Number of protein chains: 2
Amino acid sequence: MPRSPTTSDVFNAIAEPRRRQLIELLAAGGALAVGALVASMDLPQPVVSKHLGVLRKVGIVSVHKDGKQRIYSLEADRLKVVHDWVKNFEQLWSHHLDRIKLRAERKARGEQA
Amino acid sequence: MPRSPTTSDVFNAIAEPRRRQLIELLAAGGALAVGALVASMDLPQPVVSKHLGVLRKVGIVSVHKDGKQRIYSLEADRLKVVHDWVKNFEQLWSHHLDRIKLRAERKARGEQA
DNA sequence: CAATTGTATTCCCATACTGGAATATGTCAA
DNA sequence: TTGACATATTCCAGTATGGGAATACAATTG
C-alpha cells in the first residue's frame with residue numbers, strides 16, 4: 001500500500017514552508033486579498049492560489065468575495081490541534097528535563113520505584 | 001523546479017501520523033527499543049525503522065546501543081520550534097477572538113482607528 | 001458586449017514519499 | 001564459527017506533491 005493522501009490534515013498543511021508563511025501573513029495582516037499575499041510571497045499567483053486551496057480545504061483559512069477579489073482570513077482555531085499536541089511534550093524540554101529523563105530511563109529498564 | 005526535499009525538517013517529520021505516534025510512545029514510555037515500538041505500532045519492523053530514521057535525521061530522537069538492541073529516546077526540545085510557532089497564534093483562538101478578528105477586518109478594509 | 005483585472009483550475013514534469021519484500025548488518029550465545 | 005535474534009538498508013511500485021505555464025472563470029468597467 002502506497003502513501004495515503006495525508007493532505008487535508010492540519011499537520012500536513014503546515015508542513016509546507018510557503019503555507020506557514022501564508023498563515024503568518026494572515027495572522028499579522030488580518031484579512032487579505034490574494035493579490036496582497038502574492039505581493040508578499042516570492043511566488044507566482046497560481047502557486048499561491050494552490051497553497052491557499054490546501055489551507056482552505058483543511059479549514060485553516062476561509063474566504064469571502066469582495067468584488068473580484070477573494071479575501072482570505074485565518075481560522076486560527078484550526079491550529080489548536082497542533083498546539084495541543086506539542087504542548088503534551090512541553091514539560092520534556094522544561095527545566096525539569098533531567099529529572100523526567102532519569103525517571104523515564106529507569107522505567108525503561110524495568111526498575112521498580 | 002519541482003518540490004524541494006522538505007524532509008529533514010521538523011514540521012515535515014511530524015506530518016506523518018505514524019511518526020507522531022512514535023513520538024507519543026517515546027514520550028510516554030521513555031527510552032524504548034525498536035522491538036517495543038514495533039510491538040506497539042501495527043507496522044512491520046522495516047517500516048518502523050524507516051520512520052525512526054527520519055526522526056533521527058531531524059534530531060527528534062536519538063539512539064544508543066544496548067547489546068543488539070537500539071534504544072531510542074525522544075529529544076523533545078526539537079519540538080520546541082513547532083510549539084513556538086503555533087504559540088504565536090494562540091491568542092487568535094482565545095476568548096479575545098472576537099475583538100481581535102474585528103480589529104483585523106477593520107484594518108483590512110483600510111479604516112482608520 | 002468587449003476589454004481588463006483578479007483569481008482559480010488544469011496539465012505536465014520531476015521528484016519525493018510510504019509501505020512491502022527481501023536482504024544486509026550487527027551482536028550475542030553456544 | 002555457526003546460529004539466532006534485533007535492526008537497518010535496499011529496491012520496487014504506486015501515488016502524491018509543488019512549481020511552471022497556459023488557460024479558464026468571475027467581476028468590473030467602458
Side-chain angles (χ1 to χ4, degrees), chain A residues 1-23 25-26 29 31-58 60-73 108-109, chain B residues 1-23 25-26 31-58 60-73 108-110:
Chain A
M1 229 170 299
R3 178 212 248 169
S4 51
T6 30
T7 307
S8 79
D9 161 66
V10 177
F11 283 91
N12 222 323
I14 67 167
E16 246 293 323
R18 310 298 200 165
R19 289 197 285 262
R20 285 203 297 278
Q21 197 179 344
L22 283 170
I23 291 171
L25 287 170
L26 290 172
L32 293 173
V34 176
L37 293 168
V38 170
S40 299
M41 313 262 307
D42 196 28
L43 280 180
Q45 174 267 316
V47 174
V48 173
S49 276
K50 275 183 280 191
H51 280 307
L52 286 172
V54 173
L55 294 174
R56 213 172 33 201
K57 196 182 307 185
V58 177
I60 294 179
V61 302
S62 60
V63 216
H64 75 265
K65 297 188 184 179
D66 178 28
K68 41 188 164 188
Q69 304 193 115
R70 303 300 151 107
I71 311 297
Y72 279 83
S73 309
R109 274 186 256 110
Chain B
M1 229 169 298
R3 179 211 245 168
S4 51
T6 32
T7 307
S8 80
D9 159 67
V10 177
F11 283 91
N12 220 326
I14 67 167
E16 246 292 324
R18 311 299 200 164
R19 288 196 285 262
R20 285 203 297 278
Q21 196 179 344
L22 283 170
I23 291 171
L25 287 170
L26 289 172
L32 292 173
V34 176
L37 293 167
V38 171
S40 299
M41 312 263 306
D42 196 28
L43 281 180
Q45 175 266 316
V47 174
V48 172
S49 276
K50 274 184 282 192
H51 279 308
L52 287 172
V54 173
L55 294 173
R56 212 174 32 201
K57 196 182 307 186
V58 177
I60 295 180
V61 300
S62 60
V63 215
H64 74 264
K65 296 187 185 180
D66 178 28
K68 41 188 165 186
Q69 303 192 114
R70 304 298 152 107
I71 311 297
Y72 279 83
S73 309
R109 273 185 257 112

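In this text the structure is predicted, and so the values were computed from the model without any measurement. Only this structure's heavy atoms are used, side chains among them; waters, hydrogens and symmetry mates stay out.
When distances are taken from the side chain of Pro46(B) to each of dT18(C), dA21(C), dA8(C), the shortest belongs to dA21(C). Comparing dA8(C), dA27(D), dT18(C) against the side chain of Val34(A) picks out dA8(C) as the nearest. The side chain of His51(A) approaches dG18(D) more closely than any other nucleotide in the set dT5(C), dG26(C), dG18(D). Relative to the side chain of Lys65(B), the nucleotides dT27(C), dT7(D), dA8(C) differ in distance, and dT27(C) lies closest. Of the candidate nucleotides dA6(D), dT9(D), dT18(C), dT18(C) has the atom nearest to the side chain of Arg19(B).
In the interface, the side chain of Lys50(B) is paired with the base of dG20(C) through a donor and an acceptor atom under 3.5 Å apart.
Residues Leu37(A) and Leu26(A) meet the side-chain proximity criterion, which asks for heavy atoms closer than 4.5 Å. Using a 4.5 Å cut-off on side-chain heavy atoms (C-beta onward), Ile60(B) and Leu22(B) make no contact.
In terms of phosphate contacts, Arg56(A) brings no side-chain nitrogen or oxygen within less than 4.0 Å of OP1 or OP2 of dT7(C). Between Tyr72(B) and dA6(D) there is no side-chain polar atom (N or O) within less than 4.0 angstrom of OP1 or OP2. The side chain of Arg70(A) places no N or O atom within less than 4.0 Å of a non-bridging phosphate oxygen (OP1 or OP2) of dA26(D).
Here the CD1-CD distance, from Ile23(A) to Glu16(A), works out to 11.0 Å after rounding to the nearest 0.5 Å.
In terms of modelled atom types and a separation under 3.5 Å, the side chain of Arg70(B) and the main chain of Val63(B) share no donor-acceptor contact.
Heavy-atom distances to DNA chain D give each of Pro44(A) and Ala33(B) a nearest nucleotide, and the one nearer the 5′ end belongs to Ala33(B). For the pair Ala36(B) and Gly67(A), nearest-nucleotide mapping onto DNA chain D gives the more 5' position to Ala36(B).
The residue Gln45(A) sits close to a base: some heavy atom pair falls under 4.0 Å.
Between the P atom of dG3(D) and the NZ atom of Lys68(B) lies a distance of 15 Å, rounded to the nearest Å. Computed from coordinates, the Gln69(A) CD to dT4(C) C1' distance equals 14 Å when rounded to whole Å. If you take CG of Leu43(A) and C1' of dA21(D), they are 15 Å apart, rounded to a whole angstrom.
When all heavy atoms of Leu32(B) and Leu25(B) are compared, the pair lying nearest together is CD1-O, 3.7 Å.
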